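Note that the structure is predicted; figures quoted are calculated from it, not measured.
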Amino acid sequence: MFGCLVAGRLVQTDAQQVAEDKFVFNLPDYESINHVVVFMLGTVPFPERMGGSVYISYPDHSGMPVWQLLGFITNEKPSAIFKISGLKSGEGTQHPFGAMCLPQTPSVAQIGISVELLEQLAQQTPVANAAVSNVDSFTQFTQKMLDNFYNFASSFAVTQAQMTPNPTEVFIPSNVVLKW
């Protein structure tokens, strides 16, 4: 019914069903994960007026699981990308996995999906920094391109003492490019 994807890893489609309406994926070595994608496989839709809350659980300093709401998926929004790299030191939130005894090892996080009414999903508030940046792709591309241009141009930097006079070449101070 669900899939989970972490960059550089194989797609997981083997969610462990821990209750009739709750599913869990294990994420080994969670400290190296920045983003996770949760999606519906398309084989089984949610029942009418239902969707899935997506949570992450990771062990705190004492080894107890800390659950945080990331967001949700529905039949109309069957996939979502969540940034999880900044969540590791946050406080837990209320969650539907509390009464279950889910085994967890220190370097393994868990993604939990709880099937709930759409009205309940609309009232839930995910952790603030789990959402992926909403900067459009052109702006993001332009920022990265200019950063790469500056880094490339800076790699040829020489001091004034190292410069050899050449009347046919024009030199632009790097701080002019940086200020721009």
Side-chain angles (χ1 to χ4, degrees), residues 1-18 22-43 46 51-98 100 102-116 121-122 124-155 178:
M1 186 169 180
F2 303 109
C4 181
L5 176 65
V6 173
R9 299 185 186 185
L10 293 173
V11 175
Q12 292 185 42
T13 58
D14 58 345
Q16 177 185 0
Q17 189 168 1
V18 294
K22 292 174 183 45
F23 303 84
V24 174
F25 288 101
N26 289 318
L27 300 177
D29 191 26
Y30 75 93
E31 293 92 350
S32 66
I33 300 173
N34 290 319
H35 294 83
V36 65
V37 180
V38 178
F39 57 94
M40 296 177 64
L41 296 175
T43 55
F46 283 112
S53 294
V54 180
Y55 293 84
I56 185 166
S57 169
Y58 53 89
D60 67 6
H61 63 279
S62 66
M64 296 302 296
V66 175
W67 288 91
Q68 292 183 334
L69 176 65
L70 297 175
F72 63 90
I73 56 175
T74 64
N75 289 334
E76 291 74 33
K77 182 184 169 247
S79 64
I81 303 172
F82 303 106
K83 180 178 180 185
I84 64 169
S85 58
L87 302 179
K88 295 168 180 88
S89 61
E91 291 290 320
T93 58
Q94 187 174 358
H95 60 85
F97 296 93
M100 294 174 204
L102 301 175
Q104 195 161 10
T105 57
S107 64
V108 176
Q110 293 177 319
I111 295 292
I113 301 169
S114 176
V115 178
E116 300 172 5
L121 296 180
Q124 296 175 349
T125 305
V127 290
N129 51 349
V132 175
S133 171
N134 58 1
V135 175
D136 69 357
S137 59
F138 180 73
T139 302
Q140 193 174 24
F141 167 75
T142 304
Q143 288 172 336
K144 288 183 179 185
M145 180 190 65
L146 290 173
D147 285 343
N148 286 332
F149 165 73
Y150 179 76
N151 291 338
F152 175 75
S154 297
S155 70
L178 189 58

CD of Gln143 to CG of Asn148: how many Å apart, nearest 0.5 Å?
12.0 Å
Can Leu27 and Gln12 be said to form a side chain to side chain contact (heavy atoms under 4.5 Å, CB included), step by step?
CA-CA 9 Å; Leu27 300 177; Gln12 292 185 42; 3.6 Å; yes
Shortest non-hydrogen contact from Tyr58 toward Ala109
CB-CB, 4.2 Å
How about Phe23 and Cys4: do any of their side-chain heavy atoms sit closer than 4.5 Å?
no
Side chain to side chain contact (heavy atoms under 4.5 Å, CB included) between Ser57 and Val24: does it pass, once the steps are laid out?
CA-CA 10 Å; Ser57 169; Val24 174; over 6 Å; no
First locate atom CZ of Phe46, then atom CD of Glu116, and finally report the distance between them rounded to the nearest 0.5 Å.
9.5 Å
How long is the span from the NE2 atom in His35 to the CZ atom in Phe82, to the nearest 0.5 Å?
11.5 Å
Measuring only between side-chain heavy atoms, which start at C-beta, is Pro126 closer than 4.5 Å to Leu70?
no
Side chains of Thr125 and Leu69, heavy atoms from C-beta outward: is any pair under 4.5 Å?
no
Side chain to side chain contact (heavy atoms under 4.5 Å, CB included) for Tyr30 and Val36? Distances and angles first, verdict last.
CA-CA 10 Å; Tyr30 75 93; Val36 65; over 6 Å; no
Heavy-atom closest contact (Met40 atom, Asn75 atom, distance):
CE-OD1, 3.3 Å
Could you walk me through whether Phe2 and Ile73 pass side chain to side chain contact (heavy atoms under 4.5 Å, CB included), step by step?
CA-CA 10 Å; Phe2 303 109; Ile73 56 175; 3.8 Å; yes
So do Val11 and Phe39 actually touch side chain to side chain, heavy atoms under 4.5 Å?
yes
Spacing of CZ belonging to Phe149 relative to OG belonging to Ser154, to within rounding of 0.5 Å:
8.5 Å
Is any side-chain heavy atom of Trp67 less than 4.5 Å from a side-chain heavy atom of Gln110?
yes
What's the separation between atom CG in Asn26 and atom CG in Asp14, rounded to the nearest 0.5 Å?
8.5 Å
CD1/Ile113 to NZ/Lys22 distance, rounded to the nearest 0.5 angstrom?
12.0 Å
